[in-house]
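The structure under discussion appears below in the form of structure tokens.
Chain letters run A, B, ... following the sequence lines, proteins first and then strands; every chain starts at 1. Everything numeric here is computed off the predicted structure, so don't read it as measured data.
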Amino acid sequence: MPELPEVEVVRAGLAQAVTGARVAAVDVLDRRALTRHDAASGDFESLVTGARIEAAVRRGKFLWLPIGDDRAVVGHLGMSGQLLLRTPDHPGDDRHARIRLHLDHPEHGELRIDFVDQRTFGSLAVDRLVPTADGEVAGFSPGVSGPWARSIPAQVSHIARDPLDPAFDDRRFLDALARRASGVKRVLLDQGLVSGVGNIYADEALWAVRLHGEQPASSLTRRRGGELLTAVRDVLGKALAEGGTSFDAQYVNVNGASGYFAHSLNAYGRAGLPCPRCGTPMVRESFMNRSSHRCPRCQRLRMPRAGAATSTPVRTDGSPARR
DNA sequence: ACAGCATCCTGAAGGC
DNA sequence: TGCCTTCAGGATGCTG
């Protein structure tokens with residue numbers, strides 16, 4: 001389940017069920033689900049079997065289960081991955097079940113985590129934990145802490161903090177925006193700069209602040225950049241409060257239930273439908289092998305005039321230039 | 001160093 | 001019915 005809100009719903013579901021559990025056995029049904037596992041560090045099954053799960057932590061769209069102080073089981077759901085909590089006797093006959101973790105919890109008894117993934121872009125891996133670059137807590141795992149808290153899986157260390165992380169550095173993000181000539185949507189999707197935002201929530205945030213996705217990031221005023229960041233936080237937070245976005249049974253929580261945010265979408269998937277703000281039919285445009293959705297009236301491209309000093313951002317909110 | 005594209009994979013949906 | 005094309009919420013590695 002792709003973006004931050006959906007991954008957080010999964011993390012929260014796992015945290016309350018599996019923290020303190022021990023891994024009794026592992027079934028790897030499809031080794032393609034281990035493409036991010038470095039076999040040089042040892043066999044996935046033997047590293048996980050017998051381990052005690054300390055917590056469930058998330059940064060952006062990555063989540064991990066610390067096992068001991070310096071290792072974790074890292075998960076990424078890719079486009080279609082699910083982590084489902086099941087009873088030990090569940091048939092688990094899903095066509096796309098890739099990995100099963102059989103757990104034993106001191107209070108909840110026996111249970112199972114099934115990693116199910118149709119398209120196999122997702123994966124599990126055991127990775128070593130390395131100290132965070134800024135020395136702060138690595139990710140989101142409310143109410144639980146331990147020696148692992150300020151460490152991050154090595155393969156996640158290049159991923160930026162997400163905008164809901166208290167240690168997210170707003171100033172650094174705005175500085176980066178000012179330096180990037182790329183379209184602002186592309187920048188929002190760069191997980192090395194700000195994590196957790198994907199195609200849906202990028203379109204939603206851009207709609208909220210009336211920005212065209214191809215607007216050069218460096219053309220935004222600092223103030224517009226700040227408004228965009230606020231909009232990103234707002235849309236992620238609201239989606240999270242509604243349990244994430246689901247269009248079909250593919251995007252579900254650990255119990256297989258869907259979220260409700262699809263009803264609240266203003267831009268994504270609304271090609272041909274009226275813009276909720278001005279009524280103009282929304283358009284869909286091709287972008288990076290996928291789609292962008294926007295209102296052609298509210299979200300216009302405002303290119304800097306040729307010959308204008310590039311250091312002077314253009315106004316992008318439609319208000320008359322002053323001063 | 002950065003920007004942008006192709007690629008991994010499976011299944012659903014729509015056109016003919 | 002069947003075949004073909006297009007599309008899907010992601011990250012990465014390669015190219016220029």
(Q) Run Arg186(A) and Asp190(A) through salt bridge (charged side-chain N to carboxylate O under 4.0 Å, His left out) and show every step you take. (A) CA-CA 6 Å; Arg186(A) 193 182 293 275; Asp190(A) 181 347; over 6 Å; no
Q) Pick from Lys61(A), Arg58(A), Arg233(A): which one makes a salt bridge (Lys or Arg N to Asp or Glu O under 4.0 Å) with Asp162(A)? A) Arg58(A)
Q) Rounded to whole angstroms, how far apart are CG on Asp117(A) and P on dG9(C)? A) 15 Å
Q: Starting at atom NZ of Lys185(A), determine the distance to atom P of dA3(B), rounded to an integer number of angstrom.
A: 18 Å
Q | Length of the line joining Ile200(A):CD1 and dC7(C):P, which is rounded to integer Å | A | 17 Å
(Q) Whole angstroms only, please: what is the CZ-P distance between Arg290(A) and dC7(C)? (A) 13 Å
Q.
If I take atom CZ from residue Phe115(A) and atom CG from residue Leu29(A), how far apart are they, to the nearest 0.5 angstrom?
A. 11.5 Å
Q: To the nearest 0.5 Å, tell me how far Thr87(A) OG1 sits from His108(A) NE2.
A: 14.5 Å
Which protein N or O atoms sit under 3.5 Å from an N or O of nucleotides 13-16 of chain C?
none

Q. Applying the side chain to side chain contact (heavy atoms under 4.5 Å, CB included) test to Leu206(A), which of Val232(A), Leu228(A), Val235(A) qualifies?
A. Leu228(A)
Q.
Please determine whether salt bridge (charged side-chain N to carboxylate O under 4.0 Å, His left out) holds for the pair Arg290(A) and Asp203(A), giving the CA-CA distance in whole Å, both sets of side-chain angles, and the decisive distance to 0.1 Å.
A. CA-CA 12 Å; Arg290(A) 45 177 51 136; Asp203(A) 279 1; over 6 Å; no
Q. When you check the gap from the basic side-chain N to the acidic O, do Glu227(A) and Arg223(A) get nearer than 4.0 Å?
A. yes
Q.
With rounding to the nearest 0.5 angstrom, report the CG to CZ distance, Asp27(A) to Arg112(A).
A. 8.0 Å
(Q) As a test of understanding, state which of Tyr251(A), Tyr268(A), Tyr260(A), Tyr201(A) forms a side-chain hydrogen bond (donor to acceptor under 3.5 Å, both in side chains) with Thr245(A). (A) Tyr201(A)
Q. Taking atom C1' of dG10(C) as reference, at what distance in whole Å does atom CG of Leu189(A) sit?
A. 10 Å
Q: Could you check which of dG9(C), dC7(C), dA11(C) has an atom nearest any side-chain atom of Phe62(A)?
A: dA11(C)
Q.
For nucleotides 6-12 of chain B, give me one character per nucleotide, 5' to 3': B if any protein heavy atom sits under 4.0 Å from the base, S if the only such contacts are to the sugar-phosphate, - if neither.
A. BBBBBS-
Q) Is Arg179(A) touching bases, backbone alone, or none of the nucleic acid, heavy atoms closer than 4.0 Å? A) nothing
Q.
Base, sugar-phosphate or nothing for Phe247(A)? Non-hydrogen atoms, less than 4.0 Å.
A. base
(Q) Just to be sure I understand: a Watson-Crick pair is purine N1 to pyrimidine N3 plus N6-O4 or O6-N4, both under 3.5 Å. Using that and G-U wobbles, which stems of three or more pairs involve DNA chain B? (A) B:2-8 with C:10-16, B:10-16 with C:2-8
**Q.** Rounded distance (Å) that lies between atom P of dC5(B) and atom CG of Asp190(A)
**A.** 15 Å
(Q) Within the 4.0 Å heavy-atom criterion, would you say Thr35(A) contacts the bases, only the backbone, or no part of the nucleic acid? (A) nothing
Q: Write down the distance between CZ (Phe287(A)) and P (dA8(C)), rounded to a whole number of angstrom.
A: 13 Å
Q. Leu85(A) pairs by side chain to side chain contact (heavy atoms under 4.5 Å, CB included) with which of Val10(A), Asp114(A), Leu14(A)?
A. Leu14(A)
(Q) So, OP1 or OP2 of dA11(C): does either fall under 4.0 Å of a side-chain N or O from His158(A)? (A) no
**Q.** Atom pair CZ (Phe168(A)) and CZ (Arg161(A)), whose distance is rounded to the nearest 0.5 Å
**A.** 10.5 Å
Q: Tell me whether the OP1 or OP2 atom of dG4(B) has a side-chain N or O from Ser182(A) closer than 4.0 Å.
A: yes
Q: Could you tell me whether the phosphate oxygens of dA3(B), OP1 or OP2, come under 4.0 Å of any side-chain nitrogen or oxygen in Arg186(A)?
A: no
Q) For the pair made of CG in Leu77(A) and C1' in dA8(C), what is the distance, rounded to whole Å? A) 15 Å
Q) Is there a donor-acceptor contact under 3.5 Å from the side chain of Ser80(A) to the main chain of Arg119(A)? A) yes
**Q.** Along DNA chain C (nearest heavy atom to each residue), the more 5'-positioned of Tyr201(A) and Gln155(A)
**A.** Tyr201(A)
(Q) With a 4.0 Å cutoff (strictly under), does any side-chain N or O of Arg36(A) reach OP1 or OP2 of dA11(C)? (A) no
